[in-house]
Structures are given as C-alpha cells and as structure tokens.
Amino acid sequence: MNLKEPIIKKFVLLTERGWRDLSLSVLLLFFIFYLAYWFVGNSALLFDPLFQNDDARTLLFPFHLYSADQGLARSVLAQEMLHQNLPAIRLLYFIFIKLTDIFWASKIIQGICFLIVFVSGVILARSRRFGPAGGVLLVFLFLHNSQVVNRIAGGMPRSFGFPLFSLWVAGILANHKIARAISCGASALFYPPVMLLILGAEGIRCFTGGFNLTSPFFWKKVRFYFWLVGGSFFIFFVSMSLVKSEGHTFTLSEARGNPAFGHEGFLTHTEGIPFASPAELFANNFLSPFRNLPNANSDRGEQREKAFMLFSLLEFSEGASLLFIVLFLLLVFSRQTPRPPGLVELIISSMVIYVLSRFFAFRLYVPERYYFYGMTAAGSLLAISVLGLLKPQVKKISRSLYRNVAVIIFMSVLLATSGGGALSNNGVTIEGYSHADLFHFIRSLPPDAHILAHPMEGDDILYWAGRDSMGGYETLHLFNVELWERRKREIEEIIQALYSVNSSDLIATCRKYGITHVLVNKEYYRDDFKERALYLEPFKSFARELLAPINREDLVLTRIPSPAVIYEETFYQIVDVSRLELLWNQR
C-alpha cells in the first residue's frame, strides 16, 4: 500500500483482519479512557483514608485492637464485635493494620475486591469463547454500576460479594471450573449469602440437563457439584466455628414484635418489616446494570455534572434499560447469540433462596441481600453473554469484529443514557475531616478513657478516635436477641444520663459504666432539644416520653462548670467526669 494514499482510502482497503484489529484498538482505548475517568471520579473512595463507609463504625472499629495504641483493649463492645467478624476478614485486617493503619487497611482490602473484578475480566478475555470484548464488558458493567461500587466500598465482608460474583460469572461463561470453585469457596469465607446463591445456581444447572445415569458427562457434573457443595460448606462451618456470638438470632415472629425492625427503626424500607413487595425489587435490580439513577448518598446535580449524559432527563435511563433487555432477548430468540449459560439458573436460585430467607428470617440474614446480589449479577451476565457471544455462526475474525463493535456501541449508549457511573463520594458516607481536631484530642486521651456520647455520635468515637464509648446506632447487635436486649437497656441509660435533671443521676451512670469523659454536643441542648433528641425506634418513643415534662433549663449538661471542660470547639465540649463530680460536690 502506498504511504501517500489518503487515509480514508487506507481504511477502505483494510482487510477483514485489519478491521478486527482496528475495532479492538478502539475498544481498548475507549475502555482505558473510561477507566481514567472512573478512577478520577472515585478518587475519594479509592485513595482518601479519611473517606469511609458508615458501616465501618459497626464492623471495622474493633480492628483498632490490632494497632499498637490499644485504645480499645478494655472495650466490651470492641471485643464482642471483633469476634463476630469472619476470621478471614480479621486475618486481612491484622496483616494490613500492622503494615499501615485501620483507615488505609480498609482501602487496601477494598482494592483487593476491585482487583478480583479485573481478574475476572482477564479470565473471560483469555477464554476461547469470548475474547477481549467479553472481558472488557464484564469489568465495565461491574465498575459502571453505582450500587455495585457502593457495596464494594469500605473493605468489609460484603465488599467481596459482587467481586466474587464477577468471578463466578466469568467462570460460568468461560466454563472455567477453577474460577467457579474459587468464587464459591471464597464466598464461604467472606460473604456466605453469595455462596448460597452460587450453590443454588450450580445445583440447578447440574440437574436440569436430565438424569442420564449412563453418561460420563452427567457424573462428571455431579462430582464437580458435590465437591463444590462439600468444600464450600466445610469452609463455611470451620469459619463460623471461629465466630463467637452469645444467644440466638431473632426469628421472624420475634422481629415482628420489635419496632427496631420496622420502617421507623434501624433497617431500610427494603430490609425492614413488613418486607417490601419483591416483584418490583427483583426487576429493578435485574435492570440496575443498565441504568445509574442517583442514590441517597449523592447529590443529583453533582452526579449529572460528573456524568457523560447526553439526555436532559435521567428518567430516560428507565426506558433505555428496558430497551436493552428487549434487544438482548431478540438477539437470543433470533439465534444471533446463544442462550446465556447460568442466567435462568441464577434467577431461580435468587428467588428460591429469597423465599427461604423470608421463611427463616433472620437466620439467613436480611432477605433483601438475595435479590440485590443475585439479580444484579444476573443482569450483567445477560449483557456479557449476549454481546460477548454474538454471531457464533460466522468465522472467528468476523465474529470478533461484530463483538468488538457491539460492545463499543453498547458502552457508548449506556454512558449516554445513564451517566458515567462515578457518583460523588459513592460508598463513602462518613469523613474524618469535619471534626479532625476533636478526634485528634480524644485520641490523645489515655488508652483507658471511656466516653459517654449521644447514640448518634458514640460510634464515631470508637472508629475515628479509637477510644472506648458506649456506642450507639451502629453497635446495637440488632439481629441477636440477648445482645439486643442488653444494648437496648444501655442506650436508654445513655439517653437518661445525657438528659439528666439531677447531677447525681449522671454521675451514677458514669460510675456504673466506668465513664471518664462526656462528649457534649451543644446542638442537642438548644430550645428544640426534644426534637433533636429523638432517635430511631424504639428509642424515639422512649426519648419522647422521657423528655415530655422536662424544660431545657432543668438539664444538668446545660450548666457545666467551666473548669470541668477540657476541650471546646464550636459545637462540642469534652467534660472530665472526675473534675465535674468534684466541682458539683463543692457547690
């Protein structure tokens, strides 16, 4: 070919192989640019240790016990919550906290989860059936889905749910048994709800092909499945034997009588009792890979600003997601692509285990988890299979071209209709900047300091400052009957102490629990203190009844002697209990 020929003529004269290579280059460049955008858009999530997920105050604060400071060495709450974590998570945090600290450790473990997604993409890209288009699409769909990223955020057990599902999706599509086995076994270690979903789908897949007892292929499938079940449950039971928990889990009938499980309590509207209607929720999660609507933790305007959207109405994403499903089904029924392997089995598994989790709630944890993880993964599996296996009847070079172009078009349209998927601070719902000086001062207190604070703030002390407190919202042991009853009494005593009208009552509570300091938020003691004191049920009703006859001037913490205050900023005071008691006794 003459180098002086016009560029357009060179494209016209490209061979089929040349077009295939060009389409692959465009696909990879597109993907690289998207990754750059995604990493920048999620920089706080990925690289800022002072941006964390709010559930860190439940699951991760006990890992301060692995630090040299030992500020929680005497904390009953920390010891209880530590041993309720799965041992695999405890081991990871033990290693990484020794190398860094608790805040960077969560980023590293979160990074491992994202790495699993990339490894899954590589497995699919290297498979003979799919090639690079399938691998790129797998990674893209899991990273672009804001609710997937939200669940991975924080480096917690649930962070492994979607990454291990991506590994299983790659394994089932590429017929990679090792990937399927690892995803199931690792789920048993890190997030058992995903293990149940995978085992359900694998079981249906194993036995729906008929019972041909003379077929070696049938017995090969059966052997693999029984090894999968046996190995996974062995890992699960060994892991759970190292988890310490007193008492028993709430049954459904017990939970129905507890307002904490209601929609004004501690669970979301999809988790709480009465359970939400599942049909719409199953459908919404199945469609979630194809739309990226704002979530409660992000500002709608800021999301639009950071998105690629070409349409002024986010609601267009709803219609586009349905059009994608219709298109995928048309391609399957017209035999332009084979039936997605594992798709129907995963949907049935999600439904069956969801029903079982409703029946055995809450022994199989919150039922919402089963459609949330299962159906979201199923939607992604559908798209990856349909586009990644497009045109199987044509020769290899041609089908690679078709698939590369199809994935480029799909990714472009998805970005145009649902945004870039890098939502503002997605998954990082708490930050350590606003009150950095306060937490720094609390961290400077002796390791045996024990701090009384409002239930909405006690958990922050445990996590950000690494000092013991009476805890609060995040440390209620909601699913355990006996621990819940104990924590409920403690929270009620906290509320009574913080709104005491007699100094002796506050001091008595401090002595009972070994409280050395009180964190006073001045905002809770203004004229509207009764409204500000209200908490989630059942504590909202308790506080309303307690405070009904009380006037603001009666509260002892509105009259703190200045010498007892050892730290003060705009909204907060830290009061030394020993000084406070001495000053009150001198009156």
Any side-chain heavy-atom pair from [X] and [Y] closer than 4.5 angstrom?
| X | Y | answer |
| --- | --- | --- |
| V194 | F160 | no |
| Y473 | I491 | no |
| N53 | Q110 | no |
| P367 | Y354 | yes |
| F114 | V149 | yes |
| P157 | N85 | yes |
| Y499 | H454 | yes |
| I566 | F441 | yes |

Which atom pair, heavy atoms only, marks the closest approach of [X] to [Y]?
| X | Y | value |
| --- | --- | --- |
| G155 | S159 | N-OG, 3.2 Å |
| S75 | L462 | OG-CD2, 4.5 Å |
| P561 | L580 | CD-CD1, 3.6 Å |
| F142 | S380 | CE1-CB, 4.1 Å |
| D468 | L72 | N-CD2, 3.4 Å |
| R90 | L242 | NH2-O, 3.2 Å |

Check whether the ring centres of [X] and [Y] lie less than 6.0 Å apart, and answer yes or no.
| X | Y | value |
| --- | --- | --- |
| F261 | F250 | yes |
| Y524 | F571 | no |
| Y463 | F103 | yes |

May I ask you to say whether [X] pairs ionically with [Y], meaning some side-chain N is under 4.0 Å from a carboxylate O?
| X | Y | value |
| --- | --- | --- |
| R158 | D55 | yes |
| R486 | E80 | yes |
| E493 | R489 | no |
| K488 | E492 | yes |

Is there a donor-acceptor contact under 3.5 Å from the side chain of [X] to the main chain of [Y]?
| X | Y | value |
| --- | --- | --- |
| R180 | H176 | no |
| E474 | G471 | no |
| N585 | E581 | yes |
| N145 | L141 | no |
| Q84 | V243 | no |
| H450 | Y513 | yes |
| K98 | Y66 | yes |
| S183 | F165 | no |
| S232 | L228 | yes |
| T475 | G472 | yes |

side-chain hydrogen bond (donor to acceptor under 3.5 Å, both in side chains) assessment of Y373 paired with R151 = CA-CA 10 Å; Y373 284 91; R151 293 290 93 182; 5.0 Å; no

So Y525 and L498, side chain to side chain contact (heavy atoms under 4.5 Å, CB included) or not? Walk me through it.
-> CA-CA 10 Å; Y525 296 94; L498 291 172; 3.6 Å; yes

Could you check K530, R526, R532 and say which one makes a salt bridge (charged side-chain N to carboxylate O under 4.0 Å, His left out) with D528?
-> R532

Would you please test S578 and D576 for side-chain hydrogen bond (donor to acceptor under 3.5 Å, both in side chains) and show each step?
-> CA-CA 6 Å; S578 60; D576 186 304; 2.5 Å; yes

Is the [atom1] atom of [X] crowded by more than 12 outside heavy atoms at less than 6.0 Å?
| X | atom1 | answer |
| --- | --- | --- |
| R74 | CZ | no |
| F359 | CZ | no |
| Q586 | CD | yes |
| H83 | NE2 | yes |
| R511 | CZ | no |

Start with the C-alpha gap between I108 and L99, add the side-chain angles, then the distance that decides, and say whether side chain to side chain contact (heavy atoms under 4.5 Å, CB included) holds.
-> CA-CA 11 Å; I108 294 170; L99 298 174; over 6 Å; no

Start with the C-alpha gap between Q496 and T509, add the side-chain angles, then the distance that decides, and say whether side-chain hydrogen bond (donor to acceptor under 3.5 Å, both in side chains) holds.
-> CA-CA 9 Å; Q496 288 175 321; T509 301; over 6 Å; no

About how many Å separate [atom2] of [Y] and [atom1] of [X], when rounded to the nearest 0.5 Å?
| X | Y | atom1 | atom2 | answer |
| --- | --- | --- | --- | --- |
| Y93 | I109 | OH | CD1 | 4.0 Å |
| Y572 | Y567 | OH | OH | 10.5 Å |
| M156 | C113 | CE | SG | 10.0 Å |
| D101 | S106 | CG | OG | 8.5 Å |
| L60 | L82 | CG | CG | 11.0 Å |
| L77 | L476 | CG | CG | 9.5 Å |

CA sep, side-chain torsions, deciding dist, call: Y370, L196, side chain to side chain contact (heavy atoms under 4.5 Å, CB included) | CA-CA 9 Å; Y370 296 101; L196 293 177; 3.8 Å; yes

Start with the C-alpha gap between F162 and F372, add the side-chain angles, then the distance that decides, and say whether ring-ring contact (aromatic ring centres under 6.0 Å, His included) holds.
-> CA-CA 10 Å; F162 279 119; F372 181 79; 5.7 Å; yes

Output, in order, the C-alpha distance, side-chain angles, deciding distance and verdict of salt bridge (charged side-chain N to carboxylate O under 4.0 Å, His left out) for E537 and K540.
-> CA-CA 5 Å; E537 291 293 358; K540 180 190 290 188; 5.1 Å; no

May I ask you to check whether E202 and W168 show a side-chain donor-acceptor distance below 3.5 Å?
-> yes

Test log, rule side chain to side chain contact (heavy atoms under 4.5 Å, CB included), inputs L452 and I494 | CA-CA 7 Å; L452 176 68; I494 291 172; 3.9 Å; yes

